[in-house]
Amino acid sequence: MADYTTQELMVSRAAKELKNGDVVFVGIGVPSLAVNLAHRMHAPGLCMIYESGAVGCVPKRLPISIGDPCLVTGSLAVVPMLDVFNLYLQRGLIDVGFLGGAQVDRFGNINSTVIGDYRKPKVRLPGSGGACEIAALAKRVVITIGNSKRTMPERVDFITSPGYLGGGREREALGLKGGPELVITDMGVYRFDPRTRELVLVSIHPGITVEKIQENIGWKVKVASDLTETPPPGPEEIRIIRQELDPQGIFLKSKAV
Amino acid sequence: MADYTTQELMVSRAAKELKNGDVVFVGIGVPSLAVNLAHRMHAPGLCMIYESGAVGCVPKRLPISIGDPCLVTGSLAVVPMLDVFNLYLQRGLIDVGFLGGAQVDRFGNINSTVIGDYRKPKVRLPGSGGACEIAALAKRVVITIGNSKRTMPERVDFITSPGYLGGGREREALGLKGGPELVITDMGVYRFDPRTRELVLVSIHPGITVEKIQENIGWKVKVASDLTETPPPGPEEIRIIRQELDPQGIFLKSKAV
Amino acid sequence: MSKVMTMKDAIARFVRDGDLVVLEGFTHLIPFAAGHEIIRQRKRDLTIARLTPDLVYDQLIAAGCARKLIFSWAGNPGVGPLHGFRRAVEQGKPRPLEIEEYTHFGMVLRFMAGASNLPFLPTRNYPGTDLLRYNPDIRKVKSPYSDEELYCVPALNPDVTIVHAQRADADGNTQVWGLYGVQKEASFASRKVIVTVEEIVESSVIRSDPNRTLLPAPVVSAVVHAPFGAHPSFVQGAYDRDNDFYVKWDTVSRDEAGVQAYLDEWVHGVPDRAAYTKKMEARRRELEADRQMCAPVNYGF
Amino acid sequence: MSKVMTMKDAIARFVRDGDLVVLEGFTHLIPFAAGHEIIRQRKRDLTIARLTPDLVYDQLIAAGCARKLIFSWAGNPGVGPLHGFRRAVEQGKPRPLEIEEYTHFGMVLRFMAGASNLPFLPTRNYPGTDLLRYNPDIRKVKSPYSDEELYCVPALNPDVTIVHAQRADADGNTQVWGLYGVQKEASFASRKVIVTVEEIVESSVIRSDPNRTLLPAPVVSAVVHAPFGAHPSFVQGAYDRDNDFYVKWDTVSRDEAGVQAYLDEWVHGVPDRAAYTKKMEARRRELEADRQMCAPVNYGF
């Protein structure tokens with residue numbers, strides 16, 4: 001059995017989604033690892049921006065929070081958050097935003113606010129932070145989440161960050177551009193049907209079956225006619241992830257699938 | 001005859017209008033000299049702000065323009081112009097603004113835009129710059145201008161910077177606070193009637209008569225019952241102006257009245 | 001005129017029960033020392049606003065100082081949930097906590113509107129989010145230049161804002177480098193501003209680099225010398241973020257007893273930040289920053 | 001990816017006849033070298049926008065490059081009127097000049113709205129000024145939080161903005177100190193941005209002090225090495241303002257012949273700024289700045 005973890009596979013798949021020259025709004029964990037991997041592999045011209053205001057970061061260690069001092073030292077620019085949101089995000093300079101959450105639904109809407117009722121929460125989650133504006137204003141959005149009936153219900157309890165809302169042209173009708181283009185889970189990769197805007201399974205990870213995925217999602221999932229297997233990370237990618245990006249295995253704990 | 005010029009008298013009178021601790025929006029020429037004089041005499045805690053974004057300036061030479069590099073070197077802060085207008089002026093941090101112009105009228109309105117018709121100007125003047133917002137948003141405004149029928153007509157050709165508009169409560173009715181409190185000319189000093197908001201002559205410079213002033217103003221001028229003579233600059237003030245502030249006599253040319 | 005005073009005096013004088021209080025700093029320069037003094041003086045019924053409540057507000061909430069929270073992301077960065085915040089919201093312990101929720105962009109604009117003395121500022125954000133159903137203060141404004149409608153947020157004007165900085169002079173001219181967060185906007189929006197600093201310097205230091213000044217004296221009410229005053233958050237060029245503490249807080253704060261024990265030892269158990277720092281001297285040394293100086297620039301003419 | 005090119009190439013490639021062009025810099029860092037290259041390449045029908053047209057636009061106008069001016073203060077700072085501007089407005093020479101007039105605050109907000117991709121921004125300014133009668137684009141917007149009505153100004157989005165700076169790296173990461181003016185807002189508002197600099201530096205210099213960066217590479221289209229490129233305006237830490245030239249311009253520009261003679265000698269008469277600088281080497285030396293270095297700060301952790 002191949003020597004890589006599911007998270008490493010997700011990181012490598014997410015990295016492949018980034019083009020050289022992309023300006024990327026980075027979050028902590030898998031997104032941060034993916035962006036740093038792409039930066040070292042095929043996208044040296046990629047520009048990392050953190051919502052904390054650090055631009056063009058070259059972190060000398062794995063950042064623990066989006067405001068880690070290692071993001072500032074040696075960066076190309078540090079700007080007020082007012083500029084991050086007005087001049088970078090709203091102005092349209094951000095090519096790719098990474099988002100996660102507690103729930104992602106059939107149309108790519110994300111919930112990171114509350115499980116249950118907003119006023120009487122079962123579980124109160126952190127809330128939007130910058131997620132809502134990234135979902136609304138970045139050109140492309142890549143989502144990472146666990147594949148389960150709990151985390152991928154047909155409809156999220158609360159739309160924190162708008163995807164395609166009810167599907168079809170609902171998002172465009174509200175004047176929103178962009179939108180999610182890819183969802184990467186621990187079992188497979190989804191894109192969005194250009195017409196219905198519904199999630200479509202386009203690749204499954206090695207060892208996973210379509211049945212397994214159907215058991216772990218909240219609706220009858222659409223499957224692409226040209227369904228493929230997600231390419232596993234190459235040895236160089238694994239080396240970079242383990243030796244350079246997360247040597248202490250802070251985010252990518254287990255080394256066995 | 002006393003050894004001081006009319007301009008030196010105007011500078012010293014304007015300086016007396018400034019309190020210690022005032023945050024003052026400074027212009028070039030008489031205002032700049034007045035503020036620097038006050039700073040050296042009775043208002044060491046006065047804070048100078050130039051619309052160019054220099055705050056707490058300690059110019060080592062007489063600044064020729066409001067963007068002179070000597071305003072930056074050794075200043076307490078240099079800020080973007082967006083902050084000057086949003087965070088300092090509109091926020092209400094500016095206690096005193098100095099304004100001049102080509103015309104000042106009976107209700108303290110200032111014209112620095114055009115003589116004649118706006119679309120077919122006899123003389124096209126520079127325009128507002130920051131004057132309109134200073135007149136609208138500073139807590140107090142001090143005006144300096146020459147006393148003549150041309151420069152002090154009953155109604156200005158164009159209101160660049162609002163004073164009390166048509167007089168009475170017209171300014172307040174538009175939601176504007178503050179307003180001009182003093183007009184200093186080469187012949188006298190005027191305040192504003194608290195009810196009619198019309199200019200009232202409160203002091204005349206040594207050697208000037210009320211008749212002389214009436215001949216050099218565009219309407220029947222109101223004179224205060226307690227009309228006084230403008231106090232001449234003291235020897236220390238004259239020394240500072242001539243030796244420290246304008247040693248080359250760039251703004252205060254002639255040394256004889 | 002010098003505005004230097006002790007933390008005790010600054011909090012006693014400028015923070016009153018029932019005030020709208022802001023302690024800002026986005027992961028960087030979080031004024032923990034000031035937060036602890038607010039707890040020590042048992043201030044009550046505060047409305048506390050911050051983009052990320054972080055541990056400093058989790059502690060204020062758990063200590064019962066706050067009746068309402070205005071925020072945009074309530075988590076323990078890089079670790080997990082804020083248990084004090086969740087207990088208050090989910091179980092009303094130690095007292096019910098009213099919440100008013102925005103997004104980061106919304107909070108930044110609220111401070112900027114307040115700092116600019118404007119009633120609101122517009123944004124292209126918000127279409128489609130359910131936040132609109134629960135926050136009636138995110139409203140629509142019509143552009144006078146087209147048929148476009150945009151959402152907007154109302155100004156936020158705190159009674160007092162507290163920020164921590166690398167250095168200030170005695171008058172309050174304050175300089176910051178590294179992450180700026182929203183301290184400038186929050187401070188200009190506020191009626192009173194308390195600045196706590198690692199170092200009080202001569203004005204000549206400030207004047208040697210005027211472009212670094214974040215806050216000018218006229219907006220500052222008090223200057224407090226509080227070295228290590230941002231721990232467990234960090235100060236660029238002074239000390240690193242104490243990530244272990246953020247992880248430990250996840251355990252400490254799981255029940256009210258744990259929080260109380262922490263407050264008894266580290267807040268009520270010490271008179272001030274100096275004592276707190278002495279008590280963890282070894283840790284402080286571990287967190288000390290390496291030197292990586294910037295290239296100086298010429299301000300001459 | 002390096003964006004370094006010659007001034008000739010940058011202007012030829014990014015400035016087209018009929019464009020809305022902005023050369024910003026408030027008394028400080030005015031990109032005169034770029035302005036001269038625009039004249040040299042005989043660009044036509046430009047709409048030029050700037051808070052203070054200053055000598056750089058007086059020359060563009062007198063050279064017949066502009067059909068419209070958007071501005072807020074048209075004078076020769078500290079000297080008097082701009083004769084080229086007045087001839088165009090009062091007598092239509094060398095060609096009629098359409099004007100669109102705001103105030104400084106209004107222009108700053110127009111750039112900020114453009115930089116923020118917003119249709120407008122509100123202000124408490126403008127009640128009572130006659131400017132409202134002649135500028136129909138200063139409009140009213142109603143606050144959704146009260147009965148208040150405020151004035152607002154529309155976004156300004158130039159085709160190309162040109163700024164001069166102390167230093168940038170080859171990718172376009174640009175640093176400025178001293179007066180900031182509105183260069184950041186004008187550049188972010190613009191479709192294309194040309195940065196002309198005193199010095200092109202290694203990225204490591206930029207990275208040693210990231211808080212000084214005014215413009216990040218993603219907004220910059222071209223980087224031009226143009227030492228002394230802001231003369232007769234100034235560059236903090238490099239050279240002083242040439243006040244004598246500003247005074248001399250008052251005489252030179254009083255008639256069209258005077259302006260033409262100046263352009264023939266100093267613009268069309270030289271191939272580029274390097275030749276211009278060589279031609280006034282003695283003057284350049286007189287204007288060289290003294291050294292007054294800032295206190296360096298620590299970015300370590």
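Below, chain A is the first sequence line, B the second, and so on; all start at residue 1.
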For side-chain contact (heavy atoms from CB on, under 4.5 Å), just list the numbers for D:F26 and B:I66, CA-CA rounded to whole Å, side-chain angles, deciding distance to a tenth of an Å, and then say yes or no. CA-CA 9 Å; D:F26 192 82; B:I66 54 168; 3.7 Å; yes
Atom of D:Y180, atom of B:V79 and distance for their closest heavy-atom approach: CD1-C, 3.9 Å
If I measure from the heavy atoms of chain B, does D:F71 come under 4.5 Å with its side chain, its backbone, both, or neither? side chain
Interface check, chain B: of D:G80, D:G78, D:P127, D:G75, most non-hydrogen pairs under 4.5 Å belong to D:P127
Give the C-alpha distance, both sets of side-chain angles, the deciding distance and a yes or no for side-chain hydrogen bond (donor to acceptor under 3.5 Å, both in side chains) between D:E101 and B:Y118. CA-CA 11 Å; D:E101 186 166 5; B:Y118 184 83; 2.5 Å; yes
Between the main-chain N or O of D:H104 and the side-chain N or O of B:S128, is there a donor-acceptor pair closer than 3.5 Å? no
Distance in Å, B:L174 CG paired with D:T129 OG1, rounded so as to fall on 0.5 Å steps: 11.5 Å
What verdict does the side-chain contact (heavy atoms from CB on, under 4.5 Å) test give for D:L131 and B:C132, after you've listed the backbone C-alpha separation in whole Å, the side-chain angles of each residue and the deciding distance to 0.1 Å? CA-CA 9 Å; D:L131 198 53; B:C132 176; over 6 Å; no
What pair of heavy atoms forms the shortest contact from B:D68 to D:N243, and how long is it? OD2-ND2, 4.4 Å
Nearest heavy-atom pair of D:V89 and B:P121: which atoms, and what distance? CG1-CG, 4.1 Å
B:L82 vs D:L109 side-chain heavy atoms within contact, under 4.5 Å: yes
With a 4.5 Å heavy-atom cut-off, do B:N86 and D:M112 have their side chains touching? no
Looking only at heavy atoms, the pair that brings D:T27 and B:G67 closest together is OG1-CA, 3.0 Å
Distance in Å, B:T113 OG1 paired with D:D130 CG, rounded so as to fall on 0.5 Å steps: 8.5 Å
So which heavy atom on D:G128 is nearest to which on B:L165, and how close? O-CD2, 3.5 Å
Looking only at heavy atoms, which two atoms of B:S52 and D:L179 are closest? And how far apart? O-CD2, 3.4 Å
In terms of heavy-atom proximity below 4.5 Å to chain B, should D:L51 be classed as side chain, backbone, both, or neither? side chain
Look at B:R61 together with D:D240 and state whether they make a salt bridge at an N to O cut-off of under 4.0 Å. yes
What part of D:F85 gets within 4.5 angstrom of chain B, counting heavy atoms only: side chain, backbone, both, or neither? side chain
Side chain, backbone, both or neither: which part of D:F105 has an atom under 4.5 Å from a heavy atom of chain B? both
Given a strict heavy-atom distance threshold of 4.5 Å, which part of D:T123 is in contact with chain B: side chain, backbone, both, or neither? both
Structural part of D:I99 lying under 4.5 Å from a heavy atom of chain B: side chain
Contact part of D:R124 toward chain B, heavy-atom cut-off under 4.5 Å: side chain, backbone, both or neither? both
Just by distance, do the side chain of D:E90 and the backbone of B:R124 share a donor-acceptor pair under 3.5 Å? yes
Under the criterion side-chain hydrogen bond (donor to acceptor under 3.5 Å, both in side chains), I'd like the reasoning laid out for D:T103 against B:E133: C-alpha separation, chi angles, the key distance, then a yes or no. CA-CA 8 Å; D:T103 66; B:E133 35 267 18; 2.7 Å; yes
For D:S72 and B:G129, indicate whether the former's side chain and the latter's backbone hold a donor-acceptor pair under 3.5 Å. no
